[in-house]
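Okay, so here's the structure we're looking at.
Atoms within a ligand are numbered from 1 in the order they appear, just like the ligands themselves. Note that this is a predicted model, so its numbers are computed, not measured. Sequence positions, counted from 1, serve as the residue numbers for this chain.
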Amino acid sequence: MKKRLNDFHNAFLSEIEAALTPEQVRDIEIKYLGKKSDIHLMLKNIGTIENPDEKREMGKIINSTRNEIQKIIEEKREIVEKKSIERKISENHMDWSMPVFSADEGSLHPVTIVQREVESILTGMGFSIVDGPEMETEYYNFEALNIPKFHPARDMQDTFHLVNNMIMRTHTSNCQSRSMEKMKPPLKIIAPGKCFRYEALDASHETAFYQIEGLLVDENINISNLIAVMKILLSEIFRRDVKVRLRPGYFPFVEPGFELDINCLICGGAGCRTCKNSGWLELMPCGMVHPNVLRYGNIDPEKYNGFAFGLGLTRLVMMRYGIADIRLLNGGDLRFLKQFR
Ligand code: DAH
């Protein structure tokens, strides 16, 4: 039996020596240590040895041979696995020293950058972000905002009419009634998105531009609440304490309605070209939600009221980065876009 074990051991050594891949090592392991291996048989046959000393000695030798084989297999496995990874790397011609990001990495559009910033400020004040359709019914874009058919206020916004009797939304205010119908007060939402108007293009008019609508409905809301939220929002956006003032402004869906101005960021209020010497910049229309709009949204105006604002996101981006021509924003010119990395 000793000779048999010796031959077995030698056969193993020469096979394992020649093994090159993890698969070969695994086959050798099965052949030399598996249930059907010779060493397993020998171990089983020990019982047939009659001399107890011989029996004990054989048992010892077989076990230590088995342990040695196991140890050699583990060592070999580690070596061939490492080699196989190295082989794969060199076959794929991978250069692990290349930089992960190329110098021609993309960047966010300036509108996206500012939109995310405004979203983060307003969600920080408890507003949730909602989304609305760009292709809209006249009902949500006008009627539910207290602008009936044939009312002259429809002419305030030149509209794209579609062949399916729908329109392209002219403002993000379409999200007002849509949100009121779905959620009950207290309601605090913002709706960022694209709007469309049938405009003649020039440096400050585009057919597609971005707004962020804001709407808050609760009990006992008043104009000071509106001013407080606007002041915090604008101070955060411009990273300085801004002064605001309200002037009356007409929008059918708010009563009273306002144009909100901030003191000029360039001259600080002394008067300059940007503010046309007035010391103020017109920034954001807003107002207290009209009772009719609440009714369209199935909310009782006797119990609830609120405020709304329409932030001109595209305009804000132009102010923030000093972009003089709105057409650059939708132009897709990489020389322009690459500046916002
Ligand atoms: N939707 C208006 C527009 O695009 C802007 C606006 C004015 C929105 C007053 C409001 C608001 O929420 O209260 O001209």
Is the closest basic N to carboxylate O distance between Glu143 and Arg154 below 4.0 Å?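 Salt bridge present between Glu143 and Arg154.
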
Indicate yes or no: does Glu50 engage Lys55 in a salt bridge with an N to O separation below 4.0 Å.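 Looking at Lys55 together with Glu50, the answer is no, because their closest N to O distance does not fall below 4.0 Å.
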
With a cut-off of 3.5 Å and sequence neighbours excluded, list every side-chain donor-acceptor pair involving residues 187-200.
unit_1 : atom_1 : unit_2 : atom_2 : d
Lys188 : NZ     : Met125 : O      : 2.7
Arg197 : NE     : Thr170 : O      : 3.0
Arg197 : NH2    : Thr170 : O      : 3.0

If the criterion is any heavy atom closer than 4.0 Å to an atom of ligand 1, which residues make the list?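 Ligand 1 pocket, heavy atoms under 4.0 Å: Gln157, His171, Ser173, Gln176, Arg197, Gln211, Glu213, Phe251, Phe253, Val254, Pro285, Cys286, Gly287, Ala308, Phe309, Gly310.
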
Show me, pair by pair, the donor-acceptor contacts under 3.5 angstrom made by side chains of residues 211-221, not counting sequence neighbours?
unit_1 : atom_1 : unit_2 : atom_2 : d
Gln211 : OE1    : Thr172 : N      : 3.0
Gln211 : OE1    : Thr172 : OG1    : 3.2
Glu213 : OE1    : Thr172 : OG1    : 3.2
Glu213 : OE1    : Ser173 : N      : 3.3
Glu213 : OE1    : Ser173 : OG     : 3.1
Glu213 : OE2    : Ser173 : OG     : 2.9
Glu213 : OE2    : Gln176 : NE2    : 2.9

Look at the rings of His171 and Phe142 and say which category their plane angle falls in: under 30° parallel, 30 to 60° tilted, over 60° perpendicular.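 Rings of His171 and Phe142: tilted, 30 to 60°.
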
Is Met58 isolated, or which residues cluster with it under the ILVMFWY side-chain rule of less than 4.5 Å, directly or via members?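 Hydrophobic cluster check, Met58: joined to Met1, Leu5, Phe8, Phe12, Leu13, Ile16, Val25, Ile28, Tyr32, Leu33, Ile39, Met42, Leu43, Ile46, Ile49, Ile61, Ile62, Ile69, Ile72, Ile73, Val80.
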
